[in-house]
Trainee: 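Here's a structure for you.
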Amino acid sequence: LGFGYTADTSIDINEQEENWEEDAAGYSSKVQVGHLLPHLAMEIVSPDAQTLVKEYPYLKPFDTTAAIESKLLTTTDLPSQLRKGSPCFVAILLDSDTEATNEMKIAAANVWDQLGIKLHVVEVYSALQSGHSYSSSDDSLILSDKHSTLRSLIQKKNIAVLIRPDGVVSSIIENNGSGTEASLSRDLCLKIEKAIGIQ
């Protein structure tokens, strides 16, 4: 739990075994660059059950006996759950407005065109508004964070959390929809290249 890399991460090979039992003591969930994305339970809002099974065959909901529309899934290992044959990155958009969401989806398509690396865009809403349609025309995965757990860990709106294929948070990007798709695409490509060691 809470595994992560920081600039001051070091390993003391002379560390005594009795200190190991305190390894997870005091753990609290956080969304931090260089750390694994914590386990957060999210409810699947969209797409519909048939599309979900077809588009995301590796998705692992908690309760396999529940109807797929009401299933919960974990954010742990989300990239491995969304892959389609090859490793992928995931951009989680938290409470993003329509303009910022569309901008990120266009940028994700540009990442594929430029790098040949799949970037899945996952929309997460902490407060679903009644009467608002959360279904997507492009079969995007839309999740509900009913208890605002992710919102409590990230205090800003229009944030994209970029997750590497191994589940580690690569970067946290402000995406307010006021930029251009080209600049966001460039930024994403640079961040992904850095994450996979191309730069």
Trainee: L115 and E193: which non-hydrogen atoms are nearest, and at how many Å?
Mentor: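 Distance-wise, the nearest heavy atoms are CD2-OE2, 3.3 Å.
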
Trainee: Could you tell me which residues satisfy side chain to side chain donor-acceptor pair (under 3.5 Å) with T76, sequence neighbours excluded, listed by chain and number?
Mentor: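 By the side chain to side chain donor-acceptor pair (under 3.5 Å) rule, T76 matches T74.
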
Trainee: With a 4.5 Å heavy-atom cut-off, do V168 and I163 have their side chains touching?
Mentor: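 Not in contact.
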
Trainee: With the side chain counted from C-beta on, respond yes when L184 and M104 share a heavy-atom pair under 4.5 Å apart, and no when they do not.
Mentor: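 Result yes, sub-4.5 Å side-chain heavy-atom pair found.
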
Trainee: If two hydrophobic side chains count as joined below 4.5 Å and joins carry through other members, does L78 share a cluster with Y58?
Mentor: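 As far as the 4.5 Å side-chain criterion goes, Y58 and L78 are not connected within one cluster.
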
Trainee: For the NE2 atom of H120 and the OG atom of S140, what is their distance to the nearest 0.5 Å?
Mentor: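 Rounded to the nearest 0.5 Å, the NE2-OG separation comes to 10.0 Å.
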
Trainee: Within this structure, what is the NZ-CD1 distance for the pair K118 and I192, rounded to the nearest 0.5 Å?
Mentor: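 Rounded to the nearest 0.5 Å, the NZ-CD1 separation comes out at 11.0 Å.
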
Trainee: Please determine whether residues W112 and I106 belong to a single hydrophobic cluster, defined as Ile, Leu, Val, Met, Phe, Trp and Tyr linked transitively by side-chain heavy-atom distances below 4.5 Å.
Mentor: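 Each belongs to a different hydrophobic cluster.
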
Trainee: For P38 and T75, which heavy atoms make the closest approach, and how far apart are they?
Mentor: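 Nearest heavy atoms, P38 then T75: O-OG1, 2.5 Å.
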
Trainee: Distance from L150 atom CG to D145 atom CG, nearest 0.5 Å?
Mentor: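 So the CG of L150 and the CG of D145 are separated by 5.5 Å.
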
Trainee: Would you say Y125 and L143 make side-chain contact, with heavy atoms under 4.5 Å?
Mentor: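 They are not in side-chain contact.
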
Trainee: Dump the intermediate steps for side-chain contact (heavy atoms from CB on, under 4.5 Å) on L72 and E43, then the final yes or no.
Mentor: CA-CA 4 Å; L72 296 175; E43 185 177 340; 3.7 Å; yes

Trainee: Under the side-chain contact (heavy atoms from CB on, under 4.5 Å) criterion, do V124 and M42 qualify, and how do the steps go?
Mentor: CA-CA 8 Å; V124 175; M42 302 281 170; 3.9 Å; yes

Trainee: Any heavy-atom pair between the side chains of L141 and L52 that's under 4.5 Å?
Mentor: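 They are in side-chain contact.
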
Trainee: Listed by chain and number, what are the side chain to side chain donor-acceptor pair (under 3.5 Å) partners of D187, not counting sequence neighbours?
Mentor: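 Here no residue qualifies.
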
Trainee: Evaluate the criterion side chain to side chain donor-acceptor pair (under 3.5 Å) for residue pair D95 and S126; output intermediate values, then yes/no.
Mentor: CA-CA 7 Å; D95 294 328; S126 55; 2.6 Å; yes

Trainee: Any non-hydrogen side-chain atom of I44 less than 4.5 Å from a side-chain atom of I142?
Mentor: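 No. Closest side-chain heavy atoms not under 4.5 Å.
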
Trainee: Which is it for V90 and L119 under the side-chain contact (heavy atoms from CB on, under 4.5 Å) test, yes or no, and what are the steps along the way?
Mentor: CA-CA 5 Å; V90 172; L119 173 61; 5.6 Å; no

Trainee: Decide side chain to side chain donor-acceptor pair (under 3.5 Å) for K191 and S170; before the verdict, give the C-alpha distance in whole Å, the side-chain angles of both, and the deciding distance to 0.1 Å.
Mentor: CA-CA 8 Å; K191 289 181 184 311; S170 177; over 6 Å; no

Trainee: Return the CG to CG distance between L188 and N110, rounded to the nearest 0.5 Å.
Mentor: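 The distance works out to 9.5 Å.
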
Trainee: Evaluate the side-chain proximity of L37 to V31: yes if any heavy-atom separation is below 4.5 Å, no if none is.
Mentor: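 In contact.
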
Trainee: Could you walk me through whether D166 and L36 pass the side-chain contact (heavy atoms from CB on, under 4.5 Å) test, one step at a time?
Mentor: CA-CA 8 Å; D166 61 358; L36 288 171; 5.8 Å; no

Trainee: Tell me which donor-acceptor pairs under 3.5 Å the side chains of residues 82-89 have, and how far apart each pair is, sequence neighbours excluded?
Mentor:
{"residue": "R83", "atom": "NH1", "partner": "S80", "partner atom": "O", "Å": "2.2"}
{"residue": "K84", "atom": "NZ", "partner": "E55", "partner atom": "O", "Å": "3.4"}
{"residue": "K84", "atom": "NZ", "partner": "E55", "partner atom": "OE1", "Å": "2.9"}

